Colleague: 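Would you mind keeping the following structure in view while I ask a few things?
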Amino acid sequence: MTKQPLDSAQPVLDLDQALPSQTHEVFNQPTALSDYNAYSAHSVLQHYVACFDGSWGESQLTDYGALCGGELLHAGFAANHYRPEFISHDRFGHRIDQVNYHPAYHELMRQAIKAGHHNLPWLKPQAGAHVVRAAIEYLHTMADPGSGCPLTMTFAAVPALQQQSELAEQWLPRILSEQYDPSNQPYFNKRGVTIGMAMTEKQGGSDVRANTTVATAINSAAPEQGYALNGHKWFCSAPMCDAFLVLAQTDAGLSCFLMPRWRPDGKKNGFFIQRIKDKVGNVSNASSEVEFRNAFAWRIGALGKGVRTILEMVALTRFDCMVGSSALMGLATQQAIHHTSGRKAFGQPLHQQPLMQNVLADLALEAEAGLSLAMRLAHALDQGQNEHEQSLFRIGTAIGKYWICKRAPQLIAEAMECIGGVAVVKDNVLARLYTEAPVNAIWEGSGNIQCLDVARAFERDQQSREAFCSELERAYGQYPSYDQWCSQLIQDIRQGTPAQGQLRRFVERMAIAWQAATLIQFAPANVAVAFVQNRIEQPHAMFGTLNEASDWSRLITRFQAQL
Ligand SMILES: Cc1cc2nc3c(=O)[nH]c(=O)nc-3n(C[C@H](O)[C@H](O)[C@H](O)COP(=O)(O)OP(=O)(O)OC[C@H]3O[C@@H](n4cnc5c(N)ncnc54)[C@H](O)[C@@H]3O)c2cc1C
């Protein structure tokens, strides 16, 4: 090829000239939704706290909201970036079974424990205590769901432990303490302890009756002196907890035990961490595989009735899954609204373009439906002495856990799409919410297990059937389509439970009906109308399919973080 002579009249780019330090100006990017008060900015959360007797907790929630929108939100990133690390032995070769966490994780734990995430309704039982505590959990989940795992387990272990008064006397003061003490030493030397749970084994998670871990009384003439447990657990989250509720087989069948990390004689217990699982989500929470070799444990509850005993705990962990998934949906929605209101495409603000508005409004509607139901159930917990509310809680946790935890991954994927490519990048909280989203649906009884539980509750307890139906009827008289839809559902419920293969359809109908009932009773009319029209009258599969009549911008404004 012949070289063309340069035309001296044309400007020539001198590559040796100093380059400008910046190639371009950054514009059309929103500010980050961080360093704000996650509670003061969340008027929908405030609304349900007030609806369900929690107004007295306002200042506590405002304080925790400031932490969760700021310091703890940042801590959440660090606690997930710097993974927990398992140290099996010390440098001299002694087995130590230590998990080291980043300081940010400890700060999340310390602040949550100070705020009452694990103890508030047990320490200060009063109207609205479970509601305020659920709001604390909601806020904490926005900062970091992973550390929520041991906090929830500690909170939920209390009713099960209360079944064994001498153990409760010894352990509850430390469990209910406001001090977080992460040190690895015997529980009796600590002022604050945390509690975990180990049920799942390799050969069976949902089917805990397949557990092969065996418990043998150390002194068969005096089993109250304790048991030796041998076996394994396939999942044991937060293995630095000070004790674990464990299921193991005895001659009388599956029984529940409290296994301390350190034995009462001050020696290290036969509790051996094999490894920490390398998970895609819920990263700040160390989930381990463990083996028990003559591990000391006390029995809790009746011999052979372990499932019944641990269900006292599991009912509450399931409830927390529901609150947690509502929080994931709430934060994803607020992030999507915030991002799109700070960005233009094709010359127009994104959040004002009709297709985007419809998506955002639909996300807001779903996030509020989840939150309202979670708070309604917290209200049921607060009225533990009332039989109707007890039955409602029994059936409601299964319905709500199934539905809310299943809606979260769909909603979060859609919220990511609103934000675009940057939502997939790890320094955006959406990426973390996305990997976190399926977890709540899987643990503490996966979707199908919840559906089977609804059927079991209905079969065994006529009262829960009636409690549920009357809850739907409370919202009658305002929306004919709701009344009609629910009366068919109630008729079906009273006729019996469908075949197993149809249970998901059945539970889905119940969940939507109950969300509608809750919104009709407690939400502003425009939210209830939009829900009835778009989830009952004209349901669609995708988000962003609300009808024209729903006031999209009002729905968006209501859920938007109020900065
Ligand atoms: C991050 C994380 C942390 C965890 N931490 C703990 C912990 O600390 N302690 C602990 O004990 N466990 C823990 N788990 C385990 C968790 O509780 C189990 O994974 C869960 O209970 C499901 O059990 P599995 O994995 O054995 O699945 P399986 O029981 O094998 O279930 C697989 C699928 O089959 C479905 N299924 C089961 N039975 C039926 C049926 N009869 N009909 C139709 N479908 C059915 C289930 O719904 C599920 O979808 C954790 C899990 C995760 C992901």
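Starting from 1, each residue takes its place in the sequence as its number. All values below come from the heavy atoms of this structure, side chains included, with hydrogens, waters and symmetry mates left out. These numbers come from a predicted model, not from an experiment. For ligands, and for the atoms within them, numbers begin at 1 and follow the listed sequence.
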Colleague: Does the protein place a non-hydrogen atom closer than 4.0 angstrom to atom 2 (C) of ligand 1?
Modeller: yes
Colleague: Near Gln225 CD, under 6.0 Å, is it more than 12 heavy atoms from other residues, nucleotides or ligands?
Modeller: yes
Colleague: For ligand 1, which part of Cys149 has a heavy atom less than 4.0 Å away: the side chain, the backbone, both, or neither?
Modeller: neither
Colleague: Tell me, with the steps shown, if Glu107 and Gln111 meet side-chain hydrogen bond (donor to acceptor under 3.5 Å, both in side chains).
Modeller: CA-CA 6 Å; Glu107 188 57 12; Gln111 293 290 1; 2.9 Å; yes
Colleague: Considering only protein heavy atoms, which is closest to atom 20 (C) of ligand 1, and at what distance to one decimal place?
Modeller: Ile442 O, 3.6 Å
Colleague: Just need the protein heavy atom nearest to atom 11 (O) of ligand 1, so name the residue and atom and give the distance.
Modeller: Met199 N, 2.7 Å
Colleague: Establish, for the pair Arg293 and Phe272, whether the NZ or CZ atom is under 6.0 angstrom from the six-membered ring centre and no further than 45 degrees off its axis.
Modeller: yes
Colleague: Side chains of Lys202 and Thr212: closer than 4.5 Å at any heavy-atom pair?
Modeller: no
Colleague: If you measure from OH on Tyr105 to CZ on Arg110, what distance do you get to the nearest 0.5 Å?
Modeller: 14.5 Å
Colleague: For atom 8 (O) of ligand 1, what is the closest protein heavy atom, and at what distance to 0.1 Å?
Modeller: Ser237 N, 2.8 Å
Colleague: Out of Asn285, Leu452, Ile310, Thr200, who is nearest to atom 18 (C) of ligand 1 when you count heavy atoms only?
Modeller: Thr200
Colleague: Quick one: which ligand 1 atoms are inside 4.0 Å of a heavy atom on Ala198?
Modeller: 11 (O)
Colleague: Does the protein put a heavy atom under 4.0 Å from atom 44 (N) of ligand 1?
Modeller: yes
Colleague: Counting only heavy atoms, tell me which of Met197, Lys279, Gln203, Met153 gets closest to atom 9 (N) of ligand 1.
Modeller: Met197
Colleague: Could you check whether any side-chain heavy atom of Asn294 comes within less than 4.5 Å of a side-chain heavy atom of Asn230, counting everything from C-beta outward?
Modeller: yes
Colleague: Write out the residue and atom name of the closest protein heavy atom to atom 24 (P) of ligand 1, then the distance separating them to 0.1 Å.
Modeller: Gly205 CA, 3.9 Å
Colleague: Would you mind checking if Arg318 and Glu444 are paired as a salt bridge, meaning a charged N to carboxylate O distance below 4.0 Å?
Modeller: no
Colleague: Tell me the nearest of Ser288, Ser446, Ser287 to atom 47 (O) of ligand 1, using heavy-atom distances.
Modeller: Ser446
Colleague: Can you tell me the protein heavy atom closest to atom 52 (C) of ligand 1 and the distance?
Modeller: Phe235 CE2, 3.5 Å
Colleague: Please determine if Arg376 and Glu471 form a salt bridge, counting it only when a charged side-chain N lies under 4.0 Å from a carboxylate O.
Modeller: yes
Colleague: For atom 26 (O) of ligand 1, is the nearest protein heavy atom closer than 4.0 Å?
Modeller: yes
Colleague: Should the pair Phe458 and Phe506 be assigned to parallel (<30°), tilted (30 to 60°) or perpendicular (>60°) ring geometry?
Modeller: perpendicular
Colleague: At what distance is the nearest protein heavy atom to atom 39 (C) of ligand 1, and which residue and atom is it?
Modeller: Ile449 CD1, 4.0 Å
Colleague: In terms of residue, atom name and distance, what is the protein heavy atom nearest to atom 35 (C) of ligand 1?
Modeller: Asn448 ND2, 4.2 Å
Colleague: Enumerate the atoms of ligand 1 whose separation from the nearest heavy atom of Glu444 is less than 4.0 angstrom.
Modeller: 17 (O)
Colleague: Could you establish whether Gly196 and ligand 1 come within less than 4.0 Å of each other, counting only heavy atoms on the residue side?
Modeller: no
Colleague: Can you tell me how far CD of Glu414 sits from CE of Met329, rounded to the nearest 0.5 angstrom?
Modeller: 13.5 Å
Colleague: Where on Cys236 is there a heavy atom closer than 4.0 Å to ligand 1, on the side chain, on the backbone, on both, or on neither?
Modeller: backbone
Colleague: With side-chain hydrogen bond (donor to acceptor under 3.5 Å, both in side chains) as the criterion, how do Asn119 and Arg133 come out once you've worked through the C-alpha distance, each side chain's angles and the decisive distance to 0.1 Å?
Modeller: CA-CA 8 Å; Asn119 70 3; Arg133 190 247 153 212; over 6 Å; no
Colleague: Give the residue, atom name and distance (to 0.1 Å) of the protein heavy atom nearest atom 31 (O) of ligand 1.
Modeller: Ser206 OG, 3.5 Å
Colleague: Which atom pair, heavy atoms only, marks the closest approach of Asn282 to Gly146?
Modeller: ND2-CA, 3.6 Å
